[in-house]
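To start, the structure under review is shown below, and the notes come after it.
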Protein chains: 2
Amino acid sequence: MRLSTKGRYGVKAMFDLALHGGESPLPLKTIAERQEISEPYLEQLISTLRKSGLVHSVRGAHGGYLLADSPDQITVGSIIRSLEGSMAPADCVAEEEPVDCSKADCCVTRGVWEKIRISIDNVIDSITLQDMIDDYNELCKQNKMYYI
Amino acid sequence: MRLSTKGRYGVKAMFDLALHGGESPLPLKTIAERQEISEPYLEQLISTLRKSGLVHSVRGAHGGYLLADSPDQITVGSIIRSLEGSMAPADCVAEEEPVDCSKADCCVTRGVWEKIRISIDNVIDSITLQDMIDDYNELCKQNKMYYI
DNA sequence: CTAAAACCAACCGAATTGGTTGGTTTTCGT
DNA sequence: ACGAAAACCAACCAATTCGGTTGGTTTTAG
């Protein structure tokens with residue numbers, strides 16, 4: 001049950017924006033190169049993130065992207081959900097428009113899928129970009145591994 | 001990040017075996033019909049489960065399948081892992097042969113994927129087929145919904 | 001005016017998914 | 001001894017998804 005590159009690249013890009021972005025917009029090219037992601041592909045992903053209101057864009061020369069909110073207000077969950085939809089292991093337990101099954105009221109496996117979904121949601125909704133920055137500062141900076 | 005039908009059908013089939021199976025082997029046809037799964041497709045899945053040692057088979061007429069252990073010894077995790085591999089959201093945090101990344105020692109997103117994997121593992125390894133039977137008895141039997 | 005950058009739509013090859021088809025072997029009951 | 005039931009097995013297949021690429025247009029700072 002792998003996450004697709006959409007979710008993984010999306011989180012990487014948003015983390016990059018949180019770590020290296022500031023007042024002035026960060027061009028996509030910079031993010032794509034630093035995170036080693038195909039730029040035109042990342043463009044599709046960030047377009048989705050923009051439509052979800054997680055980033056703002058500035059067009060034209062010296063344009064780029066900015067986080068729409070402070071890093072401690074943006075969760076990994078909101079990023080992943082924007083790009084991949086619900087983290088439900090089965091359609092019948094998705095948050096948004098769960099496919100309803102005729103046997104739902106007596107489906108034991110449904111209970112299992114729901115427990116998994118809730119458990120994933122708890123994790124991804126509890127991690128913010130600020131948490132990741134803090135991790136980065138502990139994990140990497142002291143090892144003299146900057147700007148990754 | 002949906003589970004594929006392999007994992008979902010596999011858990012359903014194993015639950016069916018736990019609920020309706022007994023001393024004598026249960027033919028696949030019965031399970032497939034009751035769970036509304038294509039029989040030849042389910043055959044591929046149960047073949048995998050057999051090779052993983054989760055079920056035993058009896059060939060010939062009046063043959064079928066039996067759980068290899070008591071329901072309280074078989075976890076949902078072992079079933080899903082047999083059919084789908086690790087529940088890791090990214091290759092770099094899979095239990096078995098994690099693809100190692102050159103940046104692993106300074107990768108913050110890796111930490112996120114690992115937390116997700118551990119959280120999923122905790123849930124699926126804590127649910128046994130016996131737990132599902134107990135849920136069934138509470139949830140369905142009192143509503144007079146037998147044999148589903 | 002030009003370069004940089006966001007924005008957009010359409011296309012594409014490869015892999016995966018969710019099966020099906022067409023057998024063979026084994027074993028029970030008669 | 002034989003027929004039916006059932007496990008076992010390998011190969012094939014259509015549709016979808018994945019992970020992009022291509023080829024533009026619009027916008028804006030300098």
Side-chain angles (χ1 to χ4, degrees), chain A residues 1-13 16-17 21 23-68 80 83-85 89-91 99, chain B residues 1-13 17 21 23-68 80 83-86 89-91 99:
Chain A
M1 200 172 66
R2 301 290 183 274
L3 214 51
S4 78
T5 54
K6 286 181 193 172
R8 298 207 315 276
Y9 290 176
V11 172
K12 273 178 191 289
D16 194 270
L17 260 174
E23 297 298 306
S24 54
L26 202 54
L28 198 63
K29 197 186 178 192
T30 311
I31 302 175
E33 280 173 358
R34 191 157 39 209
Q35 299 299 327
E36 294 176 28
I37 299 169
S38 144
E39 191 194 335
Y41 184 48
L42 184 55
E43 195 177 284
Q44 290 177 39
L45 308 186
I46 207 153
S47 165
T48 304
L49 294 171
R50 182 176 52 82
K51 285 165 191 161
S52 300
L54 292 168
V55 296
H56 291 149
S57 66
V58 178
R59 300 191 64 167
H62 296 354
Y65 294 91
L66 295 158
L67 289 184
I80 293 181
L83 292 163
E84 307 236 7
D91 287 335
V99 173
Chain B
M1 201 173 64
R2 301 289 184 274
L3 214 52
S4 79
T5 53
K6 285 182 193 171
R8 298 207 317 274
Y9 290 176
V11 172
K12 273 178 190 288
L17 259 174
E23 297 298 305
S24 53
L26 203 53
L28 198 63
K29 196 186 177 191
T30 311
I31 303 174
E33 281 173 357
R34 192 156 40 207
Q35 299 299 328
E36 295 174 29
I37 300 169
S38 143
E39 191 194 335
Y41 184 49
L42 184 55
E43 195 177 282
Q44 291 177 39
L45 308 186
I46 207 152
S47 166
T48 304
L49 294 170
R50 183 176 52 81
K51 284 164 191 162
S52 300
L54 292 168
V55 295
H56 290 150
S57 66
V58 177
R59 300 192 63 167
H62 298 326
Y65 294 92
L66 296 157
L67 291 184
I80 293 181
L83 292 164
E84 307 236 7
S86 169
D91 287 336
V99 173

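When reading the values below, keep in mind they use all heavy atoms of this one structure, side chains included, and skip hydrogens, waters and symmetry mates.
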**Asked** Distance check: side-chain N/O of B:Arg50 vs OP1/OP2 of D:dC8, anything under 4.0 Å?
**Response** yes
Distance-only criterion, 3.5 Å: show the donor-acceptor pairs between side-chain atoms of residues 46-60 of chain A and protein atoms not counting sequence neighbours.
unit_1: A:Ser47; atom_1: OG; unit_2: A:Lys51; atom_2: NZ; d: 3.3
unit_1: A:Thr48; atom_1: OG1; unit_2: A:Gln44; atom_2: O; d: 3.3
unit_1: A:Ser52; atom_1: OG; unit_2: A:Thr48; atom_2: O; d: 3.1
unit_1: A:Ser52; atom_1: OG; unit_2: A:Ser82; atom_2: OG; d: 2.8

**Complete:** Protein-proximity profile, nucleotides 9-23 of chain C, B/S/- by nucleotide at the 4.0 Å heavy-atom cutoff, equals -B-------BBBB--
**Prompt:** Under a 4.5 Å cut-off applied to non-hydrogen side-chain atoms, are B:Ile37 and B:Leu45 in contact?
**Reply:** no
**DNA chain C-proximal residues of residues 56-66 of chain A, any heavy atom under 4.0 Å** = A:Ser57, A:Val58, A:Arg59, A:Gly60, A:Ala61, A:Gly63, A:Gly64, A:Tyr65
**Message:** Checking A:Ser4 now: which residues fulfil side chain to side chain donor-acceptor pair (under 3.5 Å) with it, not counting sequence neighbours?
**Reply:** A:Glu84
**Prompt:** Of all residues at least two apart in sequence or in a different chain, which pass the side chain to side chain donor-acceptor pair (under 3.5 Å) check with A:Ser24?
**Reply:** none
**Prompt:** In chain order, what residues pass the salt bridge (Lys or Arg N to Asp or Glu O under 4.0 Å) check against A:Glu23, with sequence neighbours excluded?
**Reply:** none
**Request:** Kindly indicate whether the side chain of B:Tyr41, heavy atoms from C-beta on, has any atom under 4.5 Å from the side chain of B:Lys6.
**Result:** yes
**Request:** For B:Ile46, answer base if it contacts any base atom (sugar-phosphate contacts may also be present), sugar-phosphate if it contacts only those atoms, and nothing otherwise; contact means non-hydrogen atoms under 4.0 Å.
**Result:** nothing
**Request:** Taking the side chain as every heavy atom from C-beta outward, state whether A:Pro25 and A:Pro27 have any atom pair closer than 4.5 Å.
**Result:** no
**Complete:** Residues passing the salt bridge (Lys or Arg N to Asp or Glu O under 4.0 Å) test with A:Arg8, sequence neighbours excluded, are none
**Item:** Terminal axes of the helix from C:dC1-D:dG30 to C:dT30-D:dA1 (five pairs each): angle between them, nearest 10 degrees
**Value:** 10°
**Complete:** side-chain contact (heavy atoms from CB on, under 4.5 Å) filter on B:Glu39, not counting sequence neighbours, yields B:Leu28, B:Lys29, B:Ala32
